[in-house]
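What follows is a single structure, written as structure tokens, with notes after it.
Throughout, protein chains are lettered first and strands after them, A, B, ... in sequence-line order, and every chain is numbered starting at 1. Keep in mind that what you see is a predicted model, and the values were worked out from it rather than measured.
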2 protein chains.
Amino acid sequence: MVKASRESKTSAAQATARLRQAGLRPTRQRVELAGLLFQSGDRHVTAESLHDEVSHAGVKVSLATVYNTLHQFTEAGLLRQVIVDAARSYFDTNTGDHQHFFLEKEGLLIDIPGETIAVAGVPTPPAGLSVDRVDVVVRVRRN
Amino acid sequence: MVKASRESKTSAAQATARLRQAGLRPTRQRVELAGLLFQSGDRHVTAESLHDEVSHAGVKVSLATVYNTLHQFTEAGLLRQVIVDAARSYFDTNTGDHQHFFLEKEGLLIDIPGETIAVAGVPTPPAGLSVDRVDVVVRVRRN
DNA sequence: CTCACACATTAGAATTATTCTAATGTGTTG
DNA sequence: CAACACATTAGAATAATTCTAATGTGTGAG
Ligand SMILES: [Mn+2]
Ligand SMILES: [Mn+2]
Ligand SMILES: [Zn+2]
Ligand SMILES: [Zn+2]
């Protein structure tokens with residue numbers, strides 16, 4: 001009891017601190033979403049999956065707010081957007097340098113740690129352009 | 001005159017041959033679209049850009065047919081879909097192994113030949129999965 | 001060469017993810 | 001405890017894409 005309550009206080013407190021550091025007001029909705037996103041390890045969510053999750057947890061947050069929040073968190077550097085599917089946008093709690101396996105059929109993203117894959121030979125971009133990032137997506141399928 | 005007419009005959013004939021080989025009926029619309037797509041070198045198009053192009057060339061093809069055709073060509077292995085933008089699907093006439101620069105702001109894709117970039121250290125996928133392809137996108141921006 | 005018919009095209013409606021609008025609510029600061 | 005800037009929300013709007021169901025056409029059999 002003591003431990004559980006200390007843990008959930010810590011989670012909300014951590015979320016609140018993280019939001020303040022990012023210059024975002026710790027509203028009920030943002031604290032709830034940040035709690036779900038950053039409590040456990042690295043996660044990959046879509047707006048809908050996160051909305052379902054927060055709803056099933058009994059918390060009332062509109063889908064518009066989930067979209068707003070995901071984009072605000074992304075701008076604040078707390079999340080990163082991953083583009084692997086033409087139909088859905090994924091958001092990743094792991095903002096560090098890393099790559100992904102993507103299982104298209106099931107919409108599943110799996111992290112590949114940043115040091116694992118080496119990309120050599122990236123050419124100098126055409127004049128006037130500079131490299132922003134290099135994304136590697138390993139598309140996989142069930143055997 | 002002779003040369004021009006021979007060239008355009010050749011282009012239509014080539015398109016027709018290519019379509020037959022792929023098991024697709026060479027309809028007026030498919031021949032026109034194949035002509036635009038495969039006549040010149042490697043190209044990256046969206047459904048809308050191709051529809052605009054074919055329309056401005058004075059040919060009447062519906063947007064639905066452009067979508068149908070792009071997907072049929074892709075299934076037939078004449079095109080390959082490139083996923084780099086959450087908002088639009090790109091189709092690539094270069095179906096060989098190669099990678100891309102992507103200029104998000106302008107929706108511009110630039111080929112990087114297949115031998116240029118080396119990706120090392122791709123881990124074995126989780127059990128039950130096998131690698132379908134490895135995509136590298138070099139996201140660039142204007143200086 | 002013609003006809004039948006499987007296949008293709010099309011307009012417009014439908015779908016789906018996402019964004020916008022504009023009204024209402026709330027965290028923060030003094 | 002205001003005041004107000006910022007946030008949330010329902011529902012409408014948007015935009016890419018797909019679907020529907022009616023019409024057109026390429027082609028192989030005869
Ligand atoms: Mn998005
Ligand atoms: Mn869409
Ligand atoms: Zn990740
Ligand atoms: Zn290409």
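- B:Ser89 comes within 4.0 angstrom of sugar-phosphate atoms only, judged by non-hydrogen atoms across all strands, and of no base.
- We find that B:Glu104 and B:Arg142 are not joined by a salt bridge, their nearest charged nitrogen and carboxylate oxygen being 4.0 Å or further apart.
- Atom CZ of A:Phe73 is separated from atom C1' of D:dT8 by 14 Å (rounded to the nearest Å).
- Projected onto DNA chain D by closest heavy-atom contact, B:Arg20 and B:His71 fall at different nucleotides, the more 5' of which corresponds to B:His71.
- Cation-pi contact between B:Arg80 and B:Phe91: absent, since separation from the ring centre below 6.0 Å together with deviation from the ring axis within 45° is not met.
- When the local axes at the two ends of the helix from C:dC1-D:dG30 to C:dG30-D:dC1 are compared, using 5 base pairs at each end, they differ in direction by 30° after rounding to 10°.
- Note: CG (B:Asp52) to P (D:dA16) measures 11 Å, nearest angstrom.
- Here A:Tyr67 does not reach the OP1 or OP2 of C:dT19: none of its side-chain N or O atoms lies under 4.0 Å away.
- To the nearest angstrom, C1' of D:dT17 lies 11 Å from CD of B:Glu48.
- Rounded to whole Å, the distance from NZ on B:Lys60 to C1' on C:dT10 is 11 Å.
- Rounded to the nearest 0.5 angstrom, A:Arg141 CZ and A:Lys105 NZ are separated by 12.5 Å.
- The interatomic distance linking A:Glu75 (CD) with D:dA7 (P) rounds to 11 Å, in whole Å.
- Each of A:Ala64 and B:Ala47 was assigned the nucleotide of DNA chain D with the nearest heavy atom; the assignment lying further toward the 5' end belongs to A:Ala64.
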Pair up each side-chain donor or acceptor in residues 107-131 of chain B with any protein partner under 3.5 Å, not counting sequence neighbours, and list the distances.
| unit_1 | atom_1 | unit_2 | atom_2 | d |
| --- | --- | --- | --- | --- |
| B:Asp111 | OD1 | B:His44 | NE2 | 2.8 |
| B:Asp111 | OD1 | B:His98 | NE2 | 2.9 |
| B:Asp111 | OD1 | B:His100 | NE2 | 3.0 |
| B:Thr116 | OG1 | B:Pro113 | O | 2.9 |
| B:Ser130 | OG | A:Asn143 | OD1 | 3.0 |

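- Dashed line: the shortest gap from a side-chain N or O of B:Thr65 to OP1 or OP2 of C:dT10 is under 4.0 Å.
- Checking side-chain atoms of B:Thr74 against main-chain N and O of B:Leu70 turns up a donor-acceptor pair under 3.5 Å.
- The distance from atom CG of A:Asp85 to atom C1' of C:dT18 is 14 Å, rounded to the nearest whole Å.
- Heavy-atom minimum distance, A:Ala86 versus B:Ser89: CB-OG, 3.6 Å.
- In this structure, CD of A:Gln81 is placed 11 Å from C1' of C:dT18, rounded to the nearest angstrom.
- In this structure, A:Asp92 does not pair ionically with A:Arg43, as no charged nitrogen and carboxylate oxygen lie closer than 4.0 Å.
- Comparing B:Leu63 and B:Leu24 by the nucleotide of DNA chain C whose heavy atom lies nearest to each, the residue mapping closer to the 5' end is B:Leu24.
- Per the geometry, CG belonging to A:Asn68 stands 8 Å off C1' belonging to D:dA7, to the nearest Å.
- Of the inter-residue distances, the one linking B:Thr65 atom OG1 with B:Glu32 atom CD reads 12.5 Å to the nearest 0.5 angstrom.
- For B:Thr95 against B:Gly77, the heavy-atom pair with the smallest separation is CG2-O, 3.5 Å.
- Residues from residues 25-35 of chain B lying near DNA chain D, meaning a heavy-atom separation below 4.0 Å, are B:Arg25, B:Pro26 in numerical order.
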